[in-house]
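Since the structure comes first, as structure tokens, the remarks are kept for the end.
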Amino acid sequence: QVQLVESGGGLVQAGGSLRLSCAASGLTFSRYPMGWFRQGPGKEREFAATIDWSGGSTYYADSVKGRFTISRDNANNTVYLQMNSLKPEDTAIYLCAAVMMPFSSRWHSRLSEYDYWGQGTQVTVSS
């Protein structure tokens, strides 16, 4: 079965950086777009970033554009989220997810497009 396991979360001061990883198994990872979402305390889950199957196309929410970078390593079945210039409002559980549309180069920003989800990793940014 498909498994997505996030890691790399933690506590960081405002202005700091973290790099999240999501290890995928149970699917031919290199075929599928991936995304990162987040859910802050008392908030709905929201889109953060997405990357196409090849890694050649990325798309970001306005709230993270210019600060976050999504990337992938298809040889190691892993997708990353590099987060710089973190703000207290970035505090959330961060989840990775997979879209079961092989070789899609569209930008997938809606929750409903994603078929598999990880459990998430907590990111806390202190002021």
Side-chain angles (χ1 to χ4, degrees):
Q1 71 278 21
V2 176
Q3 283 195 312
L4 302 173
V5 180
E6 302 93 337
S7 61
L11 173 64
V12 63
Q13 288 190 330
S17 298
L18 282 175
R19 189 193 196 201
L20 307 183
S21 300
C22 171
S25 60
L27 76 168
T28 307
F29 177 78
S30 60
R31 294 181 180 181
Y32 301 106
M34 298 292 294
W36 284 97
F37 289 75
R38 65 185 185 181
Q39 188 162 11
K43 298 181 180 180
E44 293 187 351
R45 191 170 298 184
E46 65 176 10
F47 167 76
T50 185
I51 189 166
D52 77 344
W53 64 276
S54 70
S57 179
T58 58
Y59 178 69
Y60 299 90
D62 287 344
S63 57
V64 308
K65 196 176 299 181
R67 300 187 299 122
F68 291 10
T69 302
I70 187 171
S71 62
R72 66 190 297 159
D73 180 349
N74 284 346
N76 289 298
N77 293 353
T78 303
V79 61
Y80 302 98
L81 188 68
Q82 177 67 44
M83 305 186 297
N84 298 330
S85 302
L86 283 161
K87 306 174 182 179
E89 51 263 45
D90 294 319
T91 294
I93 297 172
Y94 283 73
L95 307 99
C96 70
V99 178
M100 293 290 104
M101 293 181 60
F103 306 115
S104 170
S105 291
R106 290 198 299 108
W107 292 333
H108 300 275
S109 60
R110 296 178 302 196
L111 274 71
S112 60
E113 296 182 278
Y114 287 80
D115 300 283
Y116 294 99
W117 294 83
Q119 293 297 309
T121 185
Q122 176 70 47
V123 171
T124 303
V125 185
S126 64
S127 57

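Here, residue 1 is the first one in the sequence, and each next residue gets the next number.
Under the 4.5 Å side-chain heavy-atom criterion for Ile, Leu, Val, Met, Phe, Trp and Tyr, Y116 and M101 are members of distinct hydrophobic clusters. Linking ILVMFWY side-chain heavy atoms closer than 4.5 Å, directly or via other members, places Y94 and W117 in two distinct hydrophobic clusters. Hydrophobic clustering, with ILVMFWY side chains joined whenever heavy atoms are under 4.5 angstrom apart, groups V79 together with V123. L18 and Y80 fall into different hydrophobic clusters, defined by Ile, Leu, Val, Met, Phe, Trp and Tyr side-chain heavy atoms under 4.5 Å apart, directly or through other members. The hydrophobic clustering, which links ILVMFWY residues whose side-chain heavy atoms are closer than 4.5 Å, places V64 and I70 together.
In this view, S54 and D52 satisfy the side chain to side chain contact (heavy atoms under 4.5 Å, CB included) rule, not counting sequence neighbours. In this structure R19 satisfies the salt bridge (charged side-chain N to carboxylate O under 4.0 Å, His left out) test with no other residue, sequence neighbours excluded. Applying the salt bridge (charged side-chain N to carboxylate O under 4.0 Å, His left out) criterion to E46, with sequence neighbours excluded, gives R38.
Side-chain atoms of R31 never come within 3.5 Å of backbone atoms of L27 as a donor-acceptor pair (strictly under, hydrogens ignored). For T50 (side chain) and M34 (main-chain N/O), a donor-acceptor pair under 3.5 Å exists by modelled atom type. Remark: the backbone N or O of V125 is paired with a side-chain donor or acceptor of T91 at under 3.5 angstrom. The backbone N or O of T69 lies less than 3.5 Å from no partner atom in the side chain of N84, so there is not a single donor-acceptor pair. The closest donor-acceptor contact from the side chain of R72 to the backbone of G55 lies at 3.5 Å or more, if one exists at all.
To the nearest 0.5 Å, atoms OG (S30) and CG (D73) are separated by 11.0 Å. Within the model, atoms OG of S71 and CG of L81 stand 8.5 Å from one another, a figure rounded to the nearest 0.5 Å. Taking CD from Q82 and CZ from R67, the interatomic distance works out to 12.0 Å, rounded to the nearest 0.5 Å. In this structure, R45 CZ and L111 CG are separated by 6.5 Å, a value rounded to the nearest 0.5 Å.
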With side-chain contact (heavy atoms from CB on, under 4.5 Å) as the test, would you mind laying out the steps for S105 and W53 before giving the verdict? CA-CA 7 Å; S105 291; W53 64 276; 3.6 Å; yes

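Residues A23 and T78 share a closest heavy-atom pair of CA-OG1, 4.3 Å. Across all non-hydrogen atoms, the minimal contact from Y59 to S109 is CE2-CB, 4.1 Å. Between S126 and L11 the shortest heavy-atom distance is CB-CD1, 4.3 Å.
The pair D90-K87 fails the salt-bridge criterion, with no side-chain N (NZ, NE, NH1 or NH2) lying under 4.0 Å from an Asp/Glu carboxylate O.
Ring-plane geometry between F37 and F47 is classed as perpendicular, the angle between the planes exceeding 60 degrees on a 0 to 90 degree scale with a lower cut at 30.
Between W36 and E6, some side-chain heavy-atom pair lies under the 4.5 Å cut-off.
Annotation: Q119, atom CD; neighbour count of heavy atoms from other residues, nucleotides and ligands within 6.0 Å does not exceed 12.
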